Amino acid sequence: MTTLPALEAALDEAAHRLYGARRRRRPRLHAVLTLPAAAACAAALVLALPGRAGDAAQTGPPQPVVPPETLALSAALVAAPDAPEFQIGDPVVAHADLPAIADGYEDETPYPPGHRDTFDWLSTAQGPYDMASVNSAREVRSLVEFRAACIWLRFWLDSDGAAREAAGAILTDAPKWPMLRKHPGNWADVPRALGDPVALTAQYENDCSPWRDTQGG
């Protein structure tokens, strides 16, 4: 399902949320993936996120501007319907098709200016019998959203001013993206921790950075 038809309406909402009053959300803490092999799959596949978290934002060069279109993509994901539940009979996707499937979901997912997830999907284990393999479009989408949230968290830690404010708006949205809203895991805590670099550094180190050196990204 594409989120592009929602962009025009979402632009005004996104700008209002960033520059006007922000709505509070209180999602609950749950696991990220629902498959029986979720823990093993997450540990093996949430890979290659850029950089090492610091305890303060970097200063110096001008901060990149997060355009309204990026905020609108996040708002469109929030407004998107729930993803279908996993079914045992879901089609198994060909390993060679993973990059194309990921590209499609990444086109509907917001990223910071100049950033894009560069994970090598073909480096994953070939399925469907390896527990660390990615076997369905649903699993690809889950990982795309989770990794995008990590990239935004890294961006928040490295920025300040309007760029950090925009990153905070998207991190507030992330627990309500389609694949995270039922099981947001620790992302449920992030909106309440905005403004606390120490807490968000710990979030990045615990949930994102253990896999940062596995792939270049």
Side-chain angles (χ1 to χ4, degrees), residues 1-7 10-11 14 18 32 41-42 44-54 57-58 61-78 80 83 93 95-124 134 136-160 162-180 187 190 200 203-205 207-217:
M1 176 177 297
T2 179
T3 61
L4 293 181
L7 283 178
L11 280 168
L18 176 58
V32 174
C41 184
L45 296 172
V46 184
L47 308 170
L49 294 157
R52 178 179 292 276
Q58 297 177 355
Q63 296 294 309
V65 175
V66 178
E69 292 83 359
T70 299
L71 296 165
L73 279 176
S74 183
L77 285 179
V78 171
V93 300
H95 188 256
D97 293 340
L98 293 179
I101 295 170
D103 281 344
Y105 289 128
E106 288 169 11
D107 286 342
E108 300 176 349
T109 304
Y111 292 95
H115 292 69
R116 178 82 174 202
D117 195 342
T118 59
F119 175 56
D120 180 5
W121 290 89
L122 295 181
S123 70
T124 61
V134 178
S136 70
R138 177 186 174 85
E139 290 176 283
V140 174
R141 189 178 185 184
S142 292
L143 289 164
V144 165
E145 290 187 13
F146 188 94
R147 290 171 55 80
C150 282
I151 291 170
W152 277 105
L153 182 52
R154 174 70 265 163
F155 182 77
W156 189 95
L157 290 166
D158 288 343
S159 62
D160 57 20
R164 175 172 279 192
E165 185 75 6
I170 290 180
L171 288 169
T172 298
D173 281 349
K176 290 197 172 182
W177 291 349
M179 300 305 297
L180 295 181
W187 295 109
V190 170
L200 293 185
Q203 165 83 14
Y204 185 86
E205 291 289 349
D207 286 356
C208 300
S209 62
W211 303 277
R212 66 182 175 274
D213 295 323
T214 305
Q215 298 288 332

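Bear in mind the structure is a predicted one, so any value in this text is a computation, not a measurement. By convention here, the first residue in the shown sequence is residue 1.
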Between Asp117 and Val144, is the side-chain contact (heavy atoms from CB on, under 4.5 Å) condition met? List the steps.
CA-CA 8 Å; Asp117 195 342; Val144 165; 5.8 Å; no
Carefully, step by step, assess Glu165 and Val66 under the rule side-chain contact (heavy atoms from CB on, under 4.5 Å).
CA-CA 9 Å; Glu165 185 75 6; Val66 178; over 6 Å; no
One pair to check against side-chain contact (heavy atoms from CB on, under 4.5 Å): Trp121 and Leu143. What are the steps and the verdict?
CA-CA 11 Å; Trp121 290 89; Leu143 289 164; 3.8 Å; yes
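In terms of modelled atom types and a separation under 3.5 Å, the side chain of Trp152 and the main chain of Pro110 share a donor-acceptor contact. Side chain of Glu145 to main chain of Met179: a donor-acceptor pair is present (N/O by atom type, distance under 3.5 Å, no hydrogens or angles).
The OG1 atom of Thr70 sits 12.0 Å away from atom NE2 of His115, with the distance rounded to the nearest 0.5 Å. Interatomic distance, Phe119 CZ to Glu106 CD, rounded to the nearest 0.5 Å: 10.5 Å.
Proximity of Pro112 to Trp156: side-chain heavy atoms (C-beta onward) are nowhere separated by under 4.5 Å. Proximity of Leu153 to Trp187: side-chain heavy atoms (C-beta onward) are separated by under 4.5 Å at one or more points. Side-chain contact check for Arg154 versus Cys208: every heavy-atom pair is 4.5 Å or farther apart.
Between Arg116 and Asp107, the closest heavy-atom pair is NH2-OD1, 3.0 Å. Taking all atoms of both residues into account, the shortest heavy-atom contact from Thr109 to Ala148 is CG2-CB, 3.5 Å. Closest heavy-atom contact between Cys150 and Tyr204: O-CE1, 3.7 Å. Shown here for Asp173 and Ser74, the closest heavy-atom pair between the two residues is OD2-OG, 2.7 Å. Here the shortest heavy-atom pairing between Pro99 and Ala96 reads CD-O, 3.5 Å. Looking at every heavy atom in both residues, Asp207 comes nearest to Phe146 through O-CE2, 3.8 Å.
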